[in-house]
Amino acid sequence: MPNKDLQKSSRTTFSPTMRGKKLALLQKSLPNRLISWFLAHQRQLPWRQTTDPYAIWVSEIMLQQTQVATVVPYFSRFMSRYPTVHELAAVPLEDVLSIWVGLGYYSRAARLHRCAQFICTYLNGRFPSTRTELMALPGIGRYTAGAVASIAFGQSVPVLDGNVIRVLTRLLAIPDNIAAPATHTLLWAIAEKLVPSADAGTYNQAIMELGATVCLPRHPLCSRCPVRGLCQARRRSLQSTLPVKTAARQPRKSFCIAVVIEAAGKLLLLKRPPGGLWSSLWEFPTFHAPTRRSTEKHALRIMERSLGLSVSAVRAIGPLRHQLTHRTFEYHIFHTRMDAAPPHLLLPASDCGRYQDFAWVDTVAQRPCGTITRKIEQAIKAGSVVTARDPNVLASR
DNA sequence: AAATCGGGGTC
DNA sequence: GACCCAGATTT
């Protein structure tokens, strides 16, 4: 196990006492250097124009596992629609989800909404201001609590996100696997020691900004780094090897059949159950595929058995692939058109969870739905007819 | 400790 | 295609 030996030996190279000395040095000069760099080089972002805890909170929830550039337009739309926590608490979850569509991790929207209702009902619309109280709220963990407490309330508490992890492991040349909980504990402890007692919010944003724009995962821009003189990784040329992380697992592959049923120009959508993937979002009726390659016959049987609709003909579309971090979906889509008025349905039981409701809509934009549903609607509109038995067409795609 | 939860940016 | 993203929660 050469890998293990390597890690062991490098760990002994950086003893705790040695790290303590380096830490003391960082403690002294890191905050001021980062803050002055930040004040001169920060990006102008909408949530930096305010100290409103509500706005800071919304931005931090959106920024979880989501890049800044992606969040900006969502944040602006969200704040125009719900300028204060009261407007947010007053609307149904469905409305909030419709703003969230495309951003991913939809449970964030549900928890944000629950959180808003709690704050309005029990706290008279006032935000908790301490890390401990914030962490008690749904969807607010240690990172988000630290961010809101420091940025909105000036508390001297740290944050630890992907950016900070990268910066700290490099500054201190920490060779431990960052996927290990023990490493997380170590890094939080280091972050606690480094956060200054004054301007913690600015310092926290500065160290994250450094990670996002200079201390990049690959090919960091060390020549532009304001703290390159303090960096152990740079001294030892370890920038490209830190942080150490176990490789991600291959995503699971799933095959589904989605049926697009059009009746008198209306499309049938079903509402997914709360919890799980695409919680409470709408989609075309979707079912686990019995085989890798679904046929029209499969589609007709599913429509009959699961939806109680007898259909004479369908056309095949796709397949469409949809990639998530830990899943790969292959959608085989079947489209059917009926002249009759939209039939009333008994709520069907799908094999991937019970649908909650159904609706006939002119366009999927009328309900909150995931990106794949929009992709499917586009494919239907484009009228791309690709049958699974037509290798020429498949090959040309 | 590992899995789950999205979708897009980036090289 | 691989890796990453201002993580939280559940199992």
Side-chain angles (χ1 to χ4, degrees), chain A residues 38 42-43 45-48 56-75 97 100-112 114-115 134-152 158-167 177-185 187-188 191 201 203-213 215-220 240 243-252 272 274-281 283 321-329 368-375:
Chain A
F38 177 69
Q42 65 171 306
R43 295 170 287 181
L45 302 173
W47 49 87
R48 296 216 172 117
I56 303 292
W57 167 59
V58 171
S59 72
E60 291 298 340
I61 299 294
M62 286 188 171
L63 285 163
Q64 290 168 3
Q65 290 293 287
T66 311
Q67 296 189 344
V68 165
T70 305
V71 165
V72 169
Y74 282 89
F75 176 80
L97 284 175
W100 212 269
V101 157
L103 199 54
Y105 288 143
Y106 298 96
S107 66
R108 290 184 295 177
R111 292 178 183 134
L112 190 77
R114 257 201 296 153
C115 211
L134 285 164
M135 271 206 278
L137 298 173
I140 302 189
R142 193 166 178 181
Y143 164 79
T144 307
V148 174
S150 64
I151 298 170
V159 293
L160 187 72
D161 71 334
N163 291 308
V164 179
I165 288 173
R166 194 163 52 250
V167 172
N177 184 348
I178 60 169
T183 311
H184 237 243
T185 304
L187 289 168
W188 271 111
Y203 163 79
N204 284 336
Q205 294 183 81
I207 191 168
M208 290 192 283
E209 188 83 349
L210 186 78
T213 63
C215 197
L216 302 172
R218 283 170 297 186
H219 312 300
S240 59
V244 172
K245 191 178 187 180
T246 48
R249 290 183 34 183
Q250 280 301 104
R252 239 185 331 143
R272 293 177 63 92
L277 197 53
W278 296 302
S279 166
S280 303
L281 296 188
E283 68 184 9
R321 260 167 281 284
H322 191 60
Q323 184 79 51
L324 305 183
T325 302
H326 58 295
R327 301 279 295 269
T328 299
F329 291 98
C369 52
T371 298
I372 183 60
T373 305
R374 292 171 177 251
K375 282 195 212 167

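Reminder, nothing fancy here: chain letters follow the sequence lines and each chain counts from 1.
For the pair A:Leu112 CG and C:dA8 P, the computed distance is 13 Å after rounding to whole Å. Rounded to a whole Å, the CG atom of A:Leu216 is 10 Å from the P atom of C:dC5. A:Arg108 places its CZ atom 10 Å from the C1' atom of C:dC5, with the value rounded to the nearest Å. Computed from coordinates, the A:Arg252 CZ to B:dC5 C1' distance equals 12 Å when rounded to whole Å. Rounded to an integer number of Å, the gap from A:Leu63 CG to B:dG6 P is 17 Å. Per the geometry, CD1 belonging to A:Ile178 stands 15 Å off P belonging to B:dA1, to the nearest Å. For A:Leu324 and C:dC4, the CG to P distance is 18 Å, given to the nearest whole Å. Per the geometry, CD belonging to A:Gln64 stands 5 Å off P belonging to C:dA8, to the nearest Å.
Distance check, rounded to the nearest 0.5 Å: NE2 of A:His326 to OG1 of A:Thr328 gives 10.0 Å. A:Phe75 contributes atom CZ, which lies 7.0 Å from atom CH2 of A:Trp47 (distance to the nearest 0.5 angstrom). Considering CD of A:Gln65 and CD of A:Gln67, their distance stands at 10.0 Å, rounded to 0.5 Å. Here the CG atom belonging to A:Leu160 is positioned 10.0 Å from the OG1 atom belonging to A:Thr185, to the nearest 0.5 angstrom.
The heavy-atom pair separating A:Cys115 from A:Trp57 by the smallest distance is CB-CZ2, 3.4 Å. Contact between A:Thr183 and A:Ile178 at its shortest, heavy atoms only, is CG2-CA, 3.9 Å. The shortest heavy-atom contact between A:His322 and A:Lys375 is ND1-NZ, 2.9 Å. Taking all atoms of both residues into account, the shortest heavy-atom contact from A:Phe329 to A:Leu277 is CZ-CD2, 3.7 Å. A:Asn204 and A:Ser150 make their closest contact through ND2-OG, 3.0 Å (heavy atoms, listed as atom of the first residue, atom of the second, distance). Closest of all the heavy-atom pairs between A:Leu216 and A:Thr213 is CD2-C, 3.9 Å.
Checking B:dA1, C:dA6, C:dG7 against the side-chain heavy atoms of A:Gln65 singles out C:dG7 as nearest. Distance from the side chain of A:Leu45 is smallest to C:dA6 among C:dA6, B:dT4, B:dA2. Of the candidate nucleotides C:dA6, B:dA3, B:dA1, C:dA6 has the atom lying nearest to any side-chain atom of A:Met208.
Judged by distance alone, the side chains of A:Arg108 and A:Thr66 do bring a donor and an acceptor atom under 3.5 Å apart. Donor-acceptor pairing under 3.5 Å is lacking for the side chains of A:Thr373 and A:Glu283.
Residues from residues 159-166 of chain A lying near DNA chain C, meaning a heavy-atom separation below 4.0 Å, are A:Asp161, A:Gly162, A:Asn163, A:Arg166 in numerical order. Residues of residues 368-375 of chain A having a heavy atom closer than 4.0 Å to DNA chain C: none are found. Listed by residue number, there are no residues of residues 142-151 of chain A with a heavy-atom contact under 4.0 Å to DNA chain B.
The phosphate of B:dT4 has neither OP1 nor OP2 within less than 4.0 Å of any side-chain N or O from A:Tyr105. Put simply, A:His322 has a side-chain N or O that comes within less than 4.0 Å of OP1 or OP2 on B:dG7.
For the P atom pair drawn from B:dC11 and C:dA6, the interatomic distance equals 14 Å after rounding to whole Å. For the P atoms, the distance linking B:dG6 with C:dT11 amounts to 15 Å, nearest Å. On the C1' atoms, B:dC5 is 16 Å away from C:dC4, given to the nearest whole Å.
With a 4.5 Å cut-off on side-chain heavy atoms, A:Pro158 and A:Tyr203 do not count as touching. Using a 4.5 Å heavy-atom cutoff, the side chains of A:Leu97 and A:Ser280 are in contact. Looking at heavy atoms from C-beta onward, A:Leu210 lies out of side-chain contact with A:Asn163 at the 4.5 angstrom threshold.
Each of A:His326 and A:Ala179 was assigned the nucleotide of DNA chain B with the nearest heavy atom; the assignment lying further toward the 5' end belongs to A:Ala179. Comparing A:Ser279 and A:Ala182 along DNA chain B, the residue whose closest nucleotide (by nearest heavy atom) sits nearer the 5' end is A:Ala182.
The base of B:dG7 is paired with the side chain of A:Thr325 by a donor and an acceptor separated by under 3.5 Å.
The residue A:Gly211 sits apart from the nucleic acid: no heavy atom pair falls under 4.0 Å. A:Val68 comes within 4.0 angstrom of the backbone, heavy atoms only, and of no base. Using a 4.0 Å heavy-atom cutoff across all strands shown, A:Arg48 reaches at least one base atom of the nucleic acid. At the heavy-atom level, A:Trp100 lies nowhere under 4.0 Å from the strands shown.
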What pairs of nitrogen or oxygen atoms, one from the protein and one from nucleotides 9-11 of chain B, lie under 3.5 Å apart?
from, atom 1, to, atom 2, distance (Å)
B:dG9, O4', A:Gln67, OE1, 3.0

Where do N or O atoms of nucleotides 9-11 of chain C meet protein N or O atoms at under 3.5 Å, pair by pair?
from, atom 1, to, atom 2, distance (Å)
C:dT9, OP1, A:Gly139, N, 2.5

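Between the side chain of A:Arg166 and the main chain of A:Cys215, a donor-acceptor pair closer than 3.5 Å is present.
Taking the six-membered ring wherever Trp is involved, the centroid distance between the rings of A:Trp100 and A:Tyr74 does not fall below 6.0 Å.
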Can you give the donor-acceptor pairs under 3.5 Å from side chains of residues 135-144 of chain A to other protein atoms, not counting sequence neighbours?
from, atom 1, to, atom 2, distance (Å)
A:Arg142, NH2, A:Glu192, OE2, 3.2
A:Tyr143, OH, A:Glu60, OE1, 2.6
A:Thr144, OG1, A:Gln64, NE2, 2.9

